[in-house]
Amino acid sequence: MATDTQATGTQGDGVMVRAEQVHKSFGRTEVLKGIDLEIRRGEVFCILGPSGSGKSTFLRCINHLEKIDAGRLSVDGRLVGYVERGDKLHELKDKDIAAQRRIIGMVFQRFNLFPHMTALQNVCEAPIRVKGVPRGQARQRGTELLARVGLGDRVNAYPNQLSGGQQQRVAIARALAMDPKLMLFDEPTSALDPELVGEVLDVMKDLAQSGMTMAVVTHEIGFAREVGDQLVFMDDGVVVEQGTPRDVINNPRHQRTQAFLSKVL
């Protein structure tokens, strides 16, 4: 368990996510080997890297879907999953962790929609059950969000009646329904047919323009270059290179970054 006593920062310092020497292992395999980075409020923070580099694991640690083994990770000025007493960190109870997750929306590679619910019901479910939002209010908000992602005419469609791109847009609307302060995207277009990728990226661009803080694990180099504020390249559990997308993509300094980009550009 981490016992680092450095300050996590405050909500007023402009940082939404702060990682300090974050480590994570699965068995004997060390997946994250001391990640240090900050994601500022309103920033689109893109994470590139080959499969197995630890980027998706790091994203899952941000909302405590994976527990870190050492270091500190805070969101909105509060430690994620832990409370500090003296010089030690103690894991929070499940209900307190769930409360923390309410400000963090997450969109996965797979859409994970409830197949027996319509698009609107999928979007409304969490606000009603988790936040106690009245059903009528949740339906109105859900309808607005589906219209925002271009699905105003598909509110009563079931997942099996929607394309992959449409399902992913429902998943984005579902995450937004909880009014998150931070959105995490774990390769949201990787499971889509190429012709459907653009419709999801367009929704993400709209979110970025609205000022949403976003951490995006992606291989969509064009999106990272156009929309990203910061970009990190990860490999073998460490941050190899970080900077503006234009600098990292156009002028990578590290040989490993150069080799990776030469294969994906």
_Pairwise ring pair (Phe, Tyr, Trp, His ring centres under 6.0 Å) hits with a residue in residues 180-218, at least two apart_ = none
Let me check something: any side-chain donor-acceptor pairs from residues 203-210 under 3.5 Å, sequence neighbours excluded? List them with distances.
| from | atom 1 | to | atom 2 | distance (Å) |
| --- | --- | --- | --- | --- |
| K205 | NZ | E226 | OE1 | 3.2 |
| D206 | OD2 | R148 | NE | 3.2 |
| S210 | OG | R148 | NH2 | 3.4 |
| S210 | OG | L207 | O | 2.6 |

*Sequence neighbours excluded, which residues qualify as side-chain contact (heavy atoms from CB on, under 4.5 Å) partners of A173?*
V123, L145, L146, V149
*Supply the members, apart from V130, of the Ile/Leu/Val/Met/Phe/Trp/Tyr cluster built from side-chain contacts under 4.5 Å; use none for a lone residue.*
M178
*Roughly how far apart are L32 CG and F26 CZ, rounded to 0.5 Å?*
7.5 Å
*In terms of side-chain geometry, is the basic nitrogen of K24 or E30 positioned less than 4.0 Å from the acidic oxygen of its partner?*
no
*R101: partners by salt bridge (charged side-chain N to carboxylate O under 4.0 Å, His left out), with sequence neighbours left out*: none
_Residue pair E20 / R18, side-chain heavy-atom distance below 4.5 Å_ = yes
*May I ask you to check whether H64 and E91 show a side-chain donor-acceptor distance below 3.5 Å?*
yes
_Which residues pass the salt bridge (charged side-chain N to carboxylate O under 4.0 Å, His left out) test with E125, not counting sequence neighbours?_
R129
_Can you list everything that forms a salt bridge (charged side-chain N to carboxylate O under 4.0 Å, His left out) with R256? Sequence neighbours excluded, please._
D235
*How many angstroms lie between atom CZ of R41 and atom CE of M212, to the nearest 0.5 angstrom?*
12.5 Å
*To which residues is M117 joined in a hydrophobic cluster, defined by side-chain heavy-atom contacts under 4.5 Å among Ile, Leu, Val, Met, Phe, Trp and Tyr, whether direct or through other members?*
F114
*To the nearest 0.5 angstrom, please state how far the CZ atom of R169 sits from the CG atom of L151.*
4.5 Å
Check residues 257-265 and write down every donor-acceptor pair under 3.5 Å in which the side-chain atom is one partner and the other belongs to a residue at least two apart or another chain.
| from | atom 1 | to | atom 2 | distance (Å) |
| --- | --- | --- | --- | --- |
| T257 | OG1 | E241 | OE1 | 2.8 |
| Q258 | NE2 | P252 | O | 3.0 |
| S262 | OG | A259 | O | 2.7 |

*Joint cluster assignment, I221 & L231, ILVMFWY side-chain distance < 4.5 Å*: yes
_So, using side-chain contact (heavy atoms from CB on, under 4.5 Å) as the criterion, who are the partners of R139 when residues are at least two apart?_
L120, C124, R135
_D186: salt bridge (charged side-chain N to carboxylate O under 4.0 Å, His left out) partners, not counting sequence neighbours_ = none
*Testing I68, L73, L92, D96 for side-chain contact (heavy atoms from CB on, under 4.5 Å) with Y82, which one passes?*
I68
*Calculate, to the nearest 0.5 Å, the distance between atoms NZ and CZ belonging to K181 and R102 respectively.*
13.0 Å
*Pairs where residues 212-223 contributes a residue and the test side-chain hydrogen bond (donor to acceptor under 3.5 Å, both in side chains) is met, not counting sequence neighbours*: T189-E220
